[in-house]
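Treat the numbers as computed from the prediction; the structure is a model and nothing was measured.
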Amino acid sequence: MDVKYEYTKGSDYKYNFESNFELDKLADVSGAKLILKGDNTQSVSGTLEYNTDAAAVSLEGGVKGGKVQFPFSVGLAPVEGLEVGVSGTVTDKPDASQLYEKVSVNYSQSGFGAFIGLSKNFAALEARGIYQVNGDTKVAIKAADVLKGAPELTVGAEYKVDGE
């Protein structure tokens, strides 16, 4: 555990604190960390982070500048090569749409990778892919603003030339 306090004196004073607790040592919960923060501007928050090979979770909650907010992000790796992520911010007026502000799916294996990202509650879509043709050549494509009708496409390639 570590604790940090700061006080800045001036025409407007500032005071804040941060405490970090490694829960694998304090409570025998491997991969977990708790962070508490606060200051003199009506902001107090707590963050719980948990990481393993198959999952990463970050939950934060508290009052920031007088407003209640609970930002979160969850990342899962259910099988090798596949990663799924979801994030959002729950406020003092909860709504189901706050639970999926951003959603992403990423798949990669030797020589191939694909990504699909949805944001703004499924109003914006981006897709990317990369393919390694051989040891010297890679081809990639990105499509942004896919749901707007005319997506913006970017295509790229990388080719390595030997010394001759």
Side-chain angles (χ1 to χ4, degrees), residues 1-108 113-130 140 142-148 151-154 156 158:
M1 178 178 104
D2 63 70
V3 180
K4 176 176 78 171
Y5 296 99
E6 290 182 344
Y7 175 75
T8 305
K9 185 178 179 182
S11 59
D12 292 329
Y13 75 94
K14 183 177 180 182
Y15 169 78
N16 59 41
F17 76 90
E18 180 176 326
S19 299
N20 296 288
F21 304 90
E22 294 196 30
L23 297 179
D24 58 340
K25 296 176 183 173
L26 289 173
D28 199 27
V29 180
S30 182
K33 182 177 182 179
L34 177 64
I35 303 165
L36 300 175
K37 296 180 184 179
D39 63 29
N40 61 317
T41 64
Q42 300 180 5
S43 296
V44 177
S45 67
T47 304
L48 178 62
E49 297 174 348
Y50 177 72
N51 292 301
T52 68
D53 292 340
V57 178
S58 176
L59 302 171
E60 184 176 339
V63 179
K64 292 187 177 187
K67 294 182 179 181
V68 176
Q69 295 182 347
F70 294 93
F72 70 92
S73 62
V74 177
L76 302 172
V79 295
E80 187 173 339
L82 179 64
E83 297 172 350
V84 179
V86 178
S87 65
T89 302
V90 178
T91 65
D92 57 345
K93 296 178 182 172
D95 183 288
S97 65
Q98 297 169 347
L99 299 176
Y100 53 85
E101 291 172 355
K102 293 182 181 177
V103 177
S104 65
V105 177
N106 185 48
Y107 179 75
S108 62
F115 169 85
I116 296 175
L118 290 159
S119 60
K120 300 181 183 175
N121 297 56
F122 300 149
L125 172 66
E126 178 180 307
R128 298 188 299 252
I130 188 165
K142 173 184 169 184
D145 296 330
V146 174
L147 298 177
K148 289 187 177 180
E152 179 183 307
L153 293 175
T154 305
E158 179 181 290

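Every ring pair (Phe, Tyr, Trp, His ring centres under 6.0 Å) that Phe122 has, sequence neighbours left out, goes to Tyr100. Residues that satisfy the salt bridge (charged side-chain N to carboxylate O under 4.0 Å, His left out) test with Glu101, not counting sequence neighbours, are absent from this structure. Residues forming a ring pair (Phe, Tyr, Trp, His ring centres under 6.0 Å) with Phe17 (at least two apart in sequence, or on another chain): none.
Heavy-atom contacts from other residues, nucleotides or ligands closer than 6.0 Å to OH of Tyr5 number 12 or fewer.
Glu60 CD to Thr47 OG1: the interatomic distance, rounded to the nearest 0.5 Å, is 3.5 Å. Of the inter-residue distances, the one linking Arg128 atom CZ with Ser104 atom OG reads 9.0 Å to the nearest 0.5 angstrom. The OG atom of Ser58 lies 7.5 Å from the CD1 atom of Ile35; values are rounded to the nearest 0.5 Å. Once rounded to the nearest 0.5 Å, the distance linking NZ of Lys37 with OG of Ser19 reads 11.0 Å. Interatomic distance, Lys4 NZ to Asn16 CG, rounded to the nearest 0.5 Å: 6.5 Å. The CG atom of Leu125 lies 4.5 Å from the CG atom of Leu147; values are rounded to the nearest 0.5 Å.
The only member of Leu76, Asn106, Val105 that meets side-chain contact (heavy atoms from CB on, under 4.5 Å) when paired with Leu82 is Val105.
Here the side chains of Leu99 and Val90 are in contact, with some heavy-atom distance below 4.5 Å. Annotation: side chain of Asp95 is not in contact with side chain of Lys93 (no heavy-atom distance under 4.5 Å).
When atom types are taken as modelled, the side chain of Asn40 and the backbone of Tyr15 share a donor-acceptor pair closer than 3.5 angstrom.
Asn20 and Glu18 share a donor-acceptor pair across their side chains, judged by distance under 3.5 Å alone.
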